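Order of appearance sets the numbers: ligands from 1, and atoms from 1 within every ligand. All figures in this text were calculated on a predicted structure; none of them were measured in a lab. FYI, the numbering just counts along the sequence from 1.
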Amino acid sequence: MAILLRRIPPLRRTTSIIKCISNLSTVAHAAVDGKQPTNPNFQTHPPLPSSSPNATPNPNNNPNTTTIPPGFHASTANLPIFTLPTHITPSSPTHLTLGQALIHAWRRDGIIQIAMDATQRQLWADAHAASRAFFRRPHAQKAACVDDRSYAGYIASGEEVTDGVADYSEVFTVTKDLGVGDARVRAGWPCHGPCPWPEDGEGEEGEGGMREVMGAFKRRMGEEGERLLGLAELGLGVGEGALRRYTRDGWHHMRVLRFPARTATNGKGKKGRGIGSHTDYGLLVIAAQDEVGGLFIRRPSQDEKFANWEKSAAGLNEDDDSWVYVPPVEGVHTVILGDMMQYLTHDYLKATPHKVGLNTRERFSVAYFHEPSFQAVVKPLEEGCGGLGKPAVNDTKGIHYGTHFTNMFLRSYPDRITTRRLLAEGRCDLLKRPELRTIGAAPA
Ligand SMILES: O=C(O)CCC(=O)C(=O)O
Ligand SMILES: [Fe+2]
């Protein structure tokens, strides 16, 4: 189906200062924006095809401003919904056009929506139910789900810190589930260890438990992540595998999140703030949210410069008015970009700053992070690839993803047992070892 080329609806005002932006076509968008995000170092990317395969306008067509959390002033996004093919064929003109449309949408909006298929809808329903059941457990049971080698497991409301302020999110993090016998765990690799599932030690067989449900959800998200990267390679014109070479043995992880109602917090954070403004670390963040609403993003802008791997982008512009509210749309995943995508593409695709506000009711979401391997040294894509042109910085050293991930988790969880053990045992030094830099590292 085609993206409809239509006139932008007039800006509508609701009781609060909510602007309605239609993102249904490049032409319409340019009318709002007046400009496409550009980097003077790069050639202009081909324009978004006016009719793009596999993209439908949001059937709501009226962006749902009614779910915006109280106290927030923001535009409301009305994003097209893309449908992904089951397999990517690099020689397919249709897939090329779709890849270009995705790249354009990310550069324009900072976020895209992907239609869930029937299996994904079921997996999300199961994950949502398992999440509700987990967070309903007594605090002592949840708090027991920690491990001092990995960052997997429970994070209480107020335990995570973004830009020095406690987040009200309550989280169950899923990282690669590695037993204590695993060679990497035995060698003390930072962040490597078991995932402490709530059903462990409860004598259940595990069927239908959190491990199984979240595992199935995560695997399916992983397939979607690979398809999206395949399409992104086509859309960027960077050659098959230019992005996916990093995701072999990817350090994919997931955050299962609950946000309390704004009136039901424990007082450790800031009123109405669920998670502060931040960018995430890797390539893609694929997320599902329930019907409550709370996610805000910032669209890419030439005026906003940040590089989270050099200097924390957390808290950036958190309280200004230029945020875009992403209303929940049933049956879609949203996909935003992470730091490594920004670095790889020399800022052509920027990491998407986002934050979460607390609503009048509790909210549940799951964010899946499609990442490079922990051992990957990520290098900017080569000069001359597709529309990328000349890198802004001649950077040949690259970024070791495992180090970036570890730094981000040390910063977010200063008091966690995992952080204390990691620092006490001086295990960050291991991150420099050649066996932790086996993908994309310069030959010794
Ligand atoms: O809840 C959401 O929609 C986003 C959560 C998020 O930003 C995160 O977990 O990093
Ligand atoms: Fe995030």
Side-chain angles (χ1 to χ4, degrees), residues 67-69 72 74 77 79 110-114 124 127-128 131-132 135 151-157 159-163 165-175 214 217-218 221 251-262 269 272-298 306 308 312-316 318 323-330 332-342 350-359 361-371 404-405 408-409 411-413:
T67 54
I68 189 166
F72 285 85
L79 306 161
I111 185 164
I112 61 170
Q113 291 184 139
I114 303 293
W124 162 233
H128 186 197
S131 166
R132 293 187 90 100
F135 288 117
Y151 281 97
Y154 184 60
I155 299 154
S157 181
E159 185 186 340
E160 179 175 287
V161 176
T162 299
D163 191 33
V165 180
D167 294 328
Y168 276 132
S169 45
E170 201 183 350
V171 190
F172 188 93
T173 303
V174 182
T175 56
M214 295 305 169
F217 186 84
K218 184 165 172 274
M221 291 296 226
W251 187 252
H252 310 314
H253 55 282
M254 203 159 90
R255 278 159 54 89
V256 181
L257 299 122
R258 173 187 175 271
F259 295 87
R262 70 197 301 274
R273 180 185 181 275
I275 301 181
S277 157
H278 65 284
T279 60
D280 287 314
Y281 332 120
L283 296 166
L284 304 172
V285 185
I286 312 177
Q289 59 174 324
D290 69 10
E291 74 290 354
V292 173
L295 177 65
F296 295 83
I297 59 112
R298 289 172 81 85
F306 54 85
N308 191 39
S312 172
L316 197 68
E318 185 169 307
W323 289 87
V324 178
Y325 174 58
V326 183
V329 174
E330 216 208 317
V332 305
H333 293 145
T334 53
V335 190
I336 60 173
L337 305 173
D339 298 336
M340 291 304 102
M341 196 64 114
Q342 178 179 336
K350 284 200 173 176
T352 313
H354 57 289
K355 64 177 185 179
V356 180
L358 299 184
N359 219 318
R361 291 190 286 149
E362 65 178 347
R363 168 178 181 264
F364 293 86
S365 63
V366 178
Y368 164 84
F369 303 81
H370 198 68
E371 307 293 271
H404 183 48
F405 178 90
M408 294 299 106
F409 273 64
R411 186 173 82 191
S412 297
Y413 308 109

**Report entry** SB check Arg258 Glu362 (cutoff 4.0 Å)
**Finding:** yes
Report task. For side-chain contact (heavy atoms from CB on, under 4.5 Å), just list the numbers for Ile275 and Phe259, CA-CA rounded to whole Å, side-chain angles, deciding distance to a tenth of an Å, and then say yes or no. Result -> CA-CA 9 Å; Ile275 301 181; Phe259 295 87; 3.6 Å; yes
**Report entry** Residue portion contacting ligand 1 (non-hydrogen atoms closer than 4.0 Å) for Lys355
**Finding:** neither
Query raised in the report: Considering all heavy atoms of both residues, which atom of Phe364 and which atom of Ser131 are nearest to each other, and what is their separation?
Result: CD2-OG, 3.5 Å
Query raised in the report: With atoms numbered from 1 as shown, which atoms in ligand 1 lie under 4.0 angstrom from a non-hydrogen atom of Arg255?
Result: 8 (C), 9 (O), 10 (O)
Requested in this report: State, yes or no, whether a side-chain contact exists between Lys355 and His278 at a heavy-atom distance under 4.5 Å.
Outcome: no
Report summary line: For Phe259, the atoms of ligand 1 under 4.0 Å from one of its heavy atoms are 1 (O)
Report task. Provide the number and element of each atom of ligand 1 under 4.0 Å from a heavy atom of Arg363. Result -> 1 (O), 2 (C), 3 (O)
Query raised in the report: the Fe ion (ligand 2) is nearest to which N, O or S atom of His354?
Result: NE2
Query raised in the report: Is Lys218 positioned over the aromatic face of Phe369, cation under 6.0 angstrom from the ring centre and no more than 45 degrees off axis?
Result: no
Report summary line: Atom name of the N, O or S atom of Asp280 nearest to the Fe ion (ligand 2) is OD2
Query - Full working for side-chain contact (heavy atoms from CB on, under 4.5 Å) between Tyr281 and Trp251 - result: CA-CA 11 Å; Tyr281 332 120; Trp251 187 252; over 6 Å; no
**Report entry** For ligand 1, the portion of His354 having any non-hydrogen atom under 4.0 Å away
**Finding:** side chain
Requested in this report: Please check if the distance between the ring centroids of Tyr368 and His253 is under 6.0 Å.
Outcome: no
Query raised in the report: atom 5 (C) of ligand 1: which protein heavy atom is closest, and how many Å away?
Result: Leu257 CD1, 3.8 Å
Report summary line: min-distance protein heavy atom vs atom 1 (O) of ligand 1 -> Ser365 OG, 2.7 Å
Query raised in the report: Against heavy atoms of Asp280, which atoms of ligand 1 measure under 4.0 Å?
Result: 10 (O)
Query - Test of ring centre spacing under 6.0 Å for Phe296 and Phe72 - result: yes
Query raised in the report: Going by the atom numbers of ligand 1, which of them fall below 4.0 Å from some non-hydrogen atom of Val356?
Result: 1 (O), 2 (C), 4 (C)
